[in-house]
Amino acid sequence: MKKKVVVLTGAGISAESGIKTFRDSGGLWEEYDIYEVASPSGWAKNMELVLEFYNKRRKQLKEVEPNLAHKALVKLEEKFYVQIITQNVDNLHERAGSKNILHLHGELTKARSTADPNLVYEIGYEEIKKGDVCEKGSQLRPHIVWFGEPVPLITEAAEICATADIFIVIGSSLVVYPAAGLIEYVPEQSPKYIIDPVKPNLSRFYPNIYFIEEKASTGTEKVVKQLLED
Ligand code: APR
(Lines give C-alpha, C1' and ligand atoms only; values in the text may rest on other atoms or scores of the structure.)
Protein backbone atom coordinates (compact mmCIF):
# COMPACT_ATOMS: atom_id res chain seq x y z
CA MET A 1 0.00 0.00 0.00
CA LYS A 2 1.21 3.48 -0.81
CA LYS A 3 2.28 5.69 2.07
CA LYS A 4 0.06 8.69 2.72
CA VAL A 5 1.50 12.19 2.38
CA VAL A 6 -0.70 14.96 3.77
CA VAL A 7 0.13 18.46 2.56
CA LEU A 8 -1.26 21.55 4.29
CA THR A 9 -0.90 24.58 2.02
CA GLY A 10 -1.37 28.29 2.65
CA ALA A 11 -1.19 31.50 0.68
CA GLY A 12 2.60 31.20 0.32
CA ILE A 13 2.34 28.32 -2.17
CA SER A 14 0.48 30.59 -4.59
CA ALA A 15 2.71 33.64 -4.04
CA GLU A 16 5.01 32.76 -6.93
CA SER A 17 1.97 32.50 -9.19
CA GLY A 18 1.36 36.19 -8.46
CA ILE A 19 -1.35 35.90 -5.80
CA LYS A 20 -0.74 38.07 -2.74
CA THR A 21 -0.48 36.45 0.67
CA PHE A 22 -2.42 37.93 3.59
CA ARG A 23 0.06 38.76 6.33
CA ASP A 24 3.38 39.43 4.57
CA SER A 25 4.40 43.05 4.06
CA GLY A 26 2.39 44.17 1.05
CA GLY A 27 -0.14 41.41 1.82
CA LEU A 28 -3.92 41.70 1.39
CA TRP A 29 -4.62 42.48 5.05
CA GLU A 30 -2.52 45.63 4.75
CA GLU A 31 -4.66 46.84 1.88
CA TYR A 32 -8.04 45.74 3.27
CA ASP A 33 -9.61 45.53 6.70
CA ILE A 34 -10.19 41.81 7.38
CA TYR A 35 -13.48 42.43 9.16
CA GLU A 36 -14.81 44.73 6.45
CA VAL A 37 -14.36 42.18 3.65
CA ALA A 38 -14.15 38.75 5.26
CA SER A 39 -16.58 38.49 8.15
CA PRO A 40 -20.34 38.14 8.65
CA SER A 41 -20.45 41.64 10.17
CA GLY A 42 -18.68 43.09 7.10
CA TRP A 43 -21.25 41.36 4.90
CA ALA A 44 -24.12 42.78 6.97
CA LYS A 45 -22.61 46.25 6.82
CA ASN A 46 -21.59 46.49 3.17
CA MET A 47 -22.39 43.52 0.97
CA GLU A 48 -21.23 45.24 -2.19
CA LEU A 49 -17.75 45.87 -0.80
CA VAL A 50 -17.43 42.18 0.13
CA LEU A 51 -18.66 41.05 -3.30
CA GLU A 52 -16.23 43.42 -5.01
CA PHE A 53 -13.30 42.12 -2.95
CA TYR A 54 -13.97 38.51 -3.97
CA ASN A 55 -14.91 39.44 -7.56
CA LYS A 56 -11.44 40.98 -7.87
CA ARG A 57 -9.77 37.88 -6.42
CA ARG A 58 -11.74 35.67 -8.83
CA LYS A 59 -10.88 37.82 -11.83
CA GLN A 60 -7.20 37.70 -10.91
CA LEU A 61 -7.32 33.93 -10.49
CA LYS A 62 -8.25 33.61 -14.15
CA GLU A 63 -5.01 35.38 -15.12
CA VAL A 64 -2.55 33.31 -13.05
CA GLU A 65 -1.09 29.83 -13.44
CA PRO A 66 -0.01 27.05 -11.07
CA ASN A 67 3.71 27.25 -10.25
CA LEU A 68 6.49 24.71 -9.73
CA ALA A 69 5.37 23.96 -6.17
CA HIS A 70 1.82 23.00 -7.21
CA LYS A 71 3.30 20.89 -10.01
CA ALA A 72 5.85 19.14 -7.79
CA LEU A 73 3.02 17.93 -5.54
CA VAL A 74 1.41 16.26 -8.55
CA LYS A 75 4.66 14.35 -9.21
CA LEU A 76 4.56 13.06 -5.65
CA GLU A 77 1.48 11.01 -6.60
CA GLU A 78 3.74 8.69 -8.66
CA LYS A 79 4.82 7.02 -5.43
CA PHE A 80 2.48 8.19 -2.65
CA TYR A 81 -1.17 8.67 -1.89
CA VAL A 82 -1.22 12.45 -1.63
CA GLN A 83 -3.97 14.35 0.18
CA ILE A 84 -3.84 18.11 -0.02
CA ILE A 85 -5.55 20.21 2.63
CA THR A 86 -5.48 23.78 1.45
CA GLN A 87 -6.41 27.00 3.22
CA ASN A 88 -6.36 28.66 -0.18
CA VAL A 89 -9.51 29.58 -2.03
CA ASP A 90 -7.77 29.53 -5.42
CA ASN A 91 -7.96 26.53 -7.75
CA LEU A 92 -4.26 26.20 -8.57
CA HIS A 93 -3.89 22.71 -7.05
CA GLU A 94 -6.77 21.52 -9.27
CA ARG A 95 -5.31 23.17 -12.35
CA ALA A 96 -1.88 21.66 -11.68
CA GLY A 97 -3.56 18.22 -11.62
CA SER A 98 -3.58 17.12 -7.97
CA LYS A 99 -6.25 14.49 -7.33
CA ASN A 100 -7.27 14.81 -3.68
CA ILE A 101 -7.88 18.34 -2.49
CA LEU A 102 -9.81 19.51 0.53
CA HIS A 103 -10.58 23.24 0.63
CA LEU A 104 -10.74 24.17 4.28
CA HIS A 105 -11.65 27.83 3.70
CA GLY A 106 -13.89 27.48 0.66
CA GLU A 107 -13.46 28.13 -3.05
CA LEU A 108 -13.50 31.31 -5.12
CA THR A 109 -15.10 29.57 -8.09
CA LYS A 110 -18.23 28.69 -6.13
CA ALA A 111 -21.15 30.73 -4.79
CA ARG A 112 -23.59 29.69 -2.12
CA SER A 113 -27.04 30.61 -0.97
CA THR A 114 -27.36 32.86 2.08
CA ALA A 115 -30.53 30.96 2.99
CA ASP A 116 -29.36 27.36 2.60
CA PRO A 117 -25.65 26.51 2.95
CA ASN A 118 -26.21 23.27 1.03
CA LEU A 119 -27.03 25.19 -2.14
CA VAL A 120 -23.58 25.68 -3.69
CA TYR A 121 -23.09 26.69 -7.32
CA GLU A 122 -20.12 26.52 -9.69
CA ILE A 123 -19.60 30.03 -11.06
CA GLY A 124 -16.14 29.73 -12.59
CA TYR A 125 -14.62 33.19 -12.90
CA GLU A 126 -17.95 35.07 -13.08
CA GLU A 127 -18.81 37.90 -10.71
CA ILE A 128 -21.40 37.65 -7.95
CA LYS A 129 -23.57 40.77 -7.91
CA LYS A 130 -26.10 42.19 -5.49
CA GLY A 131 -29.43 40.71 -6.64
CA ASP A 132 -27.95 37.39 -7.84
CA VAL A 133 -30.07 34.80 -6.08
CA CYS A 134 -30.23 31.06 -5.41
CA GLU A 135 -33.12 28.87 -6.52
CA LYS A 136 -34.94 29.79 -3.31
CA GLY A 137 -34.66 33.49 -4.11
CA SER A 138 -31.98 34.43 -1.56
CA GLN A 139 -28.87 36.46 -2.27
CA LEU A 140 -25.76 34.52 -3.27
CA ARG A 141 -22.52 34.98 -1.32
CA PRO A 142 -18.96 33.80 -1.94
CA HIS A 143 -18.40 30.17 -0.88
CA ILE A 144 -15.71 31.26 1.55
CA VAL A 145 -15.23 30.63 5.26
CA TRP A 146 -15.07 34.06 6.88
CA PHE A 147 -13.54 35.08 10.19
CA GLY A 148 -15.92 34.16 12.97
CA GLU A 149 -17.53 31.35 10.97
CA PRO A 150 -17.15 27.64 11.69
CA VAL A 151 -14.86 25.59 9.43
CA PRO A 152 -17.14 22.73 8.34
CA LEU A 153 -14.37 20.46 7.02
CA ILE A 154 -12.04 20.72 10.02
CA THR A 155 -13.07 17.36 11.52
CA GLU A 156 -12.47 15.58 8.22
CA ALA A 157 -9.11 17.36 7.89
CA ALA A 158 -8.07 16.34 11.42
CA GLU A 159 -8.95 12.71 10.68
CA ILE A 160 -6.82 12.83 7.54
CA CYS A 161 -3.88 14.31 9.47
CA ALA A 162 -4.14 11.55 12.07
CA THR A 163 -3.40 9.01 9.31
CA ALA A 164 -0.45 10.88 7.74
CA ASP A 165 2.78 8.92 7.24
CA ILE A 166 4.44 12.14 6.12
CA PHE A 167 3.20 15.70 6.71
CA ILE A 168 4.24 18.77 4.72
CA VAL A 169 3.26 22.39 5.36
CA ILE A 170 3.89 24.86 2.54
CA GLY A 171 3.55 28.65 2.77
CA SER A 172 1.41 29.19 5.81
CA SER A 173 2.11 31.52 8.73
CA LEU A 174 0.20 28.99 10.88
CA VAL A 175 -1.49 31.71 12.89
CA VAL A 176 -5.08 31.07 11.86
CA TYR A 177 -6.92 28.40 13.82
CA PRO A 178 -8.28 25.80 13.58
CA ALA A 179 -6.11 25.08 10.49
CA ALA A 180 -2.91 25.90 12.39
CA GLY A 181 -3.76 23.21 14.95
CA LEU A 182 -3.91 20.37 12.40
CA ILE A 183 -0.25 19.50 13.00
CA GLU A 184 -1.29 18.34 16.49
CA TYR A 185 -3.16 15.40 14.94
CA VAL A 186 -0.18 14.13 12.94
CA PRO A 187 1.41 11.04 14.57
CA GLU A 188 4.58 11.86 16.54
CA GLN A 189 6.75 9.50 14.47
CA SER A 190 5.67 10.89 11.08
CA PRO A 191 8.22 13.25 9.53
CA LYS A 192 7.01 16.84 9.23
CA TYR A 193 8.47 19.23 6.65
CA ILE A 194 7.76 22.95 6.94
CA ILE A 195 8.54 24.84 3.73
CA ASP A 196 8.47 28.62 4.17
CA PRO A 197 11.11 31.33 3.71
CA VAL A 198 10.08 32.59 7.16
CA LYS A 199 10.02 29.89 9.81
CA PRO A 200 6.49 29.89 11.29
CA ASN A 201 6.16 30.13 15.08
CA LEU A 202 4.96 26.79 16.33
CA SER A 203 3.33 26.52 19.73
CA ARG A 204 5.65 23.71 20.86
CA PHE A 205 8.45 21.43 19.75
CA TYR A 206 7.53 18.53 17.47
CA PRO A 207 9.79 15.51 16.97
CA ASN A 208 10.86 14.63 13.43
CA ILE A 209 10.36 18.16 12.15
CA TYR A 210 12.43 19.70 9.34
CA PHE A 211 12.38 23.37 8.38
CA ILE A 212 13.13 24.20 4.75
CA GLU A 213 13.53 27.97 4.78
CA GLU A 214 12.98 28.51 1.09
CA LYS A 215 10.35 29.64 -1.35
CA ALA A 216 7.62 27.14 -2.16
CA SER A 217 8.96 26.38 -5.66
CA THR A 218 12.49 25.33 -4.77
CA GLY A 219 11.63 24.02 -1.30
CA THR A 220 8.83 21.77 -2.54
CA GLU A 221 10.88 20.47 -5.46
CA LYS A 222 13.65 19.51 -3.03
CA VAL A 223 11.38 17.70 -0.58
CA VAL A 224 9.49 15.92 -3.37
CA LYS A 225 12.74 14.80 -5.01
CA GLN A 226 14.01 13.45 -1.70
CA LEU A 227 10.77 11.59 -0.95
CA LEU A 228 10.64 10.06 -4.43
CA GLU A 229 14.25 8.89 -4.13
CA ASP A 230 14.07 7.50 -0.58
N1 APR B 1 6.92 30.48 -0.84
C2 APR B 1 6.52 29.92 0.34
N3 APR B 1 6.00 30.64 1.35
C4 APR B 1 5.88 31.96 1.17
C5 APR B 1 6.24 32.60 -0.02
C6 APR B 1 6.79 31.80 -1.06
N7 APR B 1 7.17 32.32 -2.24
N8 APR B 1 5.98 33.92 0.12
C9 APR B 1 5.46 34.08 1.35
N10 APR B 1 5.39 32.90 1.98
C11 APR B 1 4.90 32.56 3.33
C12 APR B 1 5.04 33.66 4.37
O13 APR B 1 6.35 33.63 4.94
C14 APR B 1 3.96 33.26 5.37
O15 APR B 1 4.45 32.36 6.35
O16 APR B 1 3.53 32.32 3.23
C17 APR B 1 2.92 32.55 4.51
C18 APR B 1 1.65 33.31 4.28
O19 APR B 1 0.99 33.49 5.48
P20 APR B 1 -0.46 34.18 5.53
O21 APR B 1 -0.47 35.38 4.66
O22 APR B 1 -0.82 34.33 6.95
O23 APR B 1 -1.40 33.08 4.79
P24 APR B 1 -2.08 31.78 5.37
O25 APR B 1 -1.24 31.13 6.42
O26 APR B 1 -2.49 30.96 4.20
O27 APR B 1 -3.38 32.38 6.04
C28 APR B 1 -4.34 31.54 6.61
O29 APR B 1 -5.84 33.38 6.97
O30 APR B 1 -6.63 35.35 6.09
C31 APR B 1 -6.92 34.03 6.32
O32 APR B 1 -8.49 32.64 5.34
C33 APR B 1 -7.26 33.26 5.08
O34 APR B 1 -6.64 31.02 4.45
C35 APR B 1 -6.16 32.24 5.00
C36 APR B 1 -5.72 32.09 6.43
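One-based numbering, in listed order, for ligands and for the atoms of each.
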**Qualifying salt bridge (Lys or Arg N to Asp or Glu O under 4.0 Å) pairs with a residue from residues 5-24, counting only residues at least two apart or across chains** = Lys20-Glu31
**Request:** Keeping to residues at least two apart or across chains, list the side chain to side chain donor-acceptor pair (under 3.5 Å) pairs with something in residues 207-216.
**Result:** Glu214-Thr218, Glu214-Lys222
**Request:** Ignoring hydrogens and angles, tell me if any N or O in the side chain of Glu77 forms a donor-acceptor pair with the backbone of Asn100 under 3.5 Å.
**Result:** no
**Message:** Taking non-hydrogen atoms within less than 4.0 Å of ligand 1, which protein residues qualify?
**Reply:** Gly10, Ala11, Gly12, Ala15, Glu16, Thr21, Phe22, Arg23, Asp24, Trp29, Gln87, His105, Phe147, Gly171, Ser172, Ser173, Val176, Asp196, Pro197, Val198, Lys215, Ala216
**Prompt:** With sequence neighbours left out, what residues match Lys2 under salt bridge (Lys or Arg N to Asp or Glu O under 4.0 Å)?
**Reply:** none
**Message:** I'd like to know if the side chain of Asp90 pairs up with that of Ser14 as donor and acceptor (distance under 3.5 Å, no hydrogens or angles considered).
**Reply:** yes
**Residues Glu36, Lys45: salt bridge by 4.0 Å N-O rule** = yes
